[in-house]
Amino acid sequence: MALLIGVCAVPGTFLAKRLARRLSLRSHSLILDGVVVLGGLLLVIEGGKELL
(Lines give C-alpha, C1' and ligand atoms only; values in the text may rest on other atoms or scores of the structure.)
Protein backbone atom coordinates (compact mmCIF):
# COMPACT_ATOMS: atom_id res chain seq x y z
CA MET A 1 0.00 0.00 0.00
CA ALA A 2 2.84 2.40 0.86
CA LEU A 3 4.46 1.73 -2.52
CA LEU A 4 1.23 2.61 -4.31
CA ILE A 5 0.89 5.83 -2.32
CA GLY A 6 4.51 6.73 -3.08
CA VAL A 7 4.08 6.09 -6.81
CA CYS A 8 1.04 8.37 -6.83
CA ALA A 9 2.63 11.13 -4.71
CA VAL A 10 6.00 11.51 -6.46
CA PRO A 11 4.74 12.92 -9.80
CA GLY A 12 2.57 15.42 -7.95
CA THR A 13 5.55 16.58 -5.93
CA PHE A 14 7.63 17.28 -9.02
CA LEU A 15 4.73 19.04 -10.72
CA ALA A 16 4.13 21.22 -7.66
CA LYS A 17 7.83 22.11 -7.48
CA ARG A 18 7.83 23.30 -11.08
CA LEU A 19 4.62 25.24 -10.58
CA ALA A 20 5.90 26.91 -7.40
CA ARG A 21 9.09 28.02 -9.14
CA ARG A 22 7.12 29.73 -11.92
CA LEU A 23 4.70 31.56 -9.61
CA SER A 24 5.46 34.94 -8.18
CA LEU A 25 5.76 35.21 -4.42
CA ARG A 26 2.45 37.08 -4.27
CA SER A 27 0.60 34.44 -6.31
CA HIS A 28 2.07 31.64 -4.21
CA SER A 29 1.02 33.40 -0.99
CA LEU A 30 -2.50 34.00 -2.29
CA ILE A 31 -2.91 30.34 -3.22
CA LEU A 32 -1.68 29.20 0.19
CA ASP A 33 -3.95 31.68 1.97
CA GLY A 34 -6.91 30.48 -0.09
CA VAL A 35 -6.23 26.85 0.79
CA VAL A 36 -5.98 27.68 4.50
CA VAL A 37 -9.22 29.72 4.44
CA LEU A 38 -11.02 26.98 2.50
CA GLY A 39 -9.84 24.35 4.98
CA GLY A 40 -11.02 26.48 7.89
CA LEU A 41 -14.43 27.01 6.30
CA LEU A 42 -14.82 23.29 5.72
CA LEU A 43 -13.97 22.59 9.37
CA VAL A 44 -16.55 25.13 10.53
CA ILE A 45 -19.18 23.65 8.19
CA GLU A 46 -18.51 20.11 9.36
CA GLY A 47 -18.63 21.25 12.99
CA GLY A 48 -21.91 23.00 12.32
CA LYS A 49 -23.38 19.80 10.91
CA GLU A 50 -22.59 18.01 14.16
CA LEU A 51 -24.58 20.60 16.13
CA LEU A 52 -27.75 19.98 14.13
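Heads up: numbering here begins at 1 and tracks the sequence.
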One should read off an interatomic distance between L32 CG and S27 OG, to the nearest 0.5 angstrom, of 11.0 Å
Review point. Where the side chain of S29 meets the backbone of L25, is there a donor-acceptor pair that is under 3.5 Å apart?
Key: yes
Quiz item: Hey, any chance I31 and L19 share a hydrophobic cluster, counting ILVMFWY side chains that come within less than 4.5 Å of each other, even indirectly?
Solution: yes
Residue pairs meeting side-chain hydrogen bond (donor to acceptor under 3.5 Å, both in side chains), one or both in residues 41-52, sequence neighbours left out, come to E46-K49
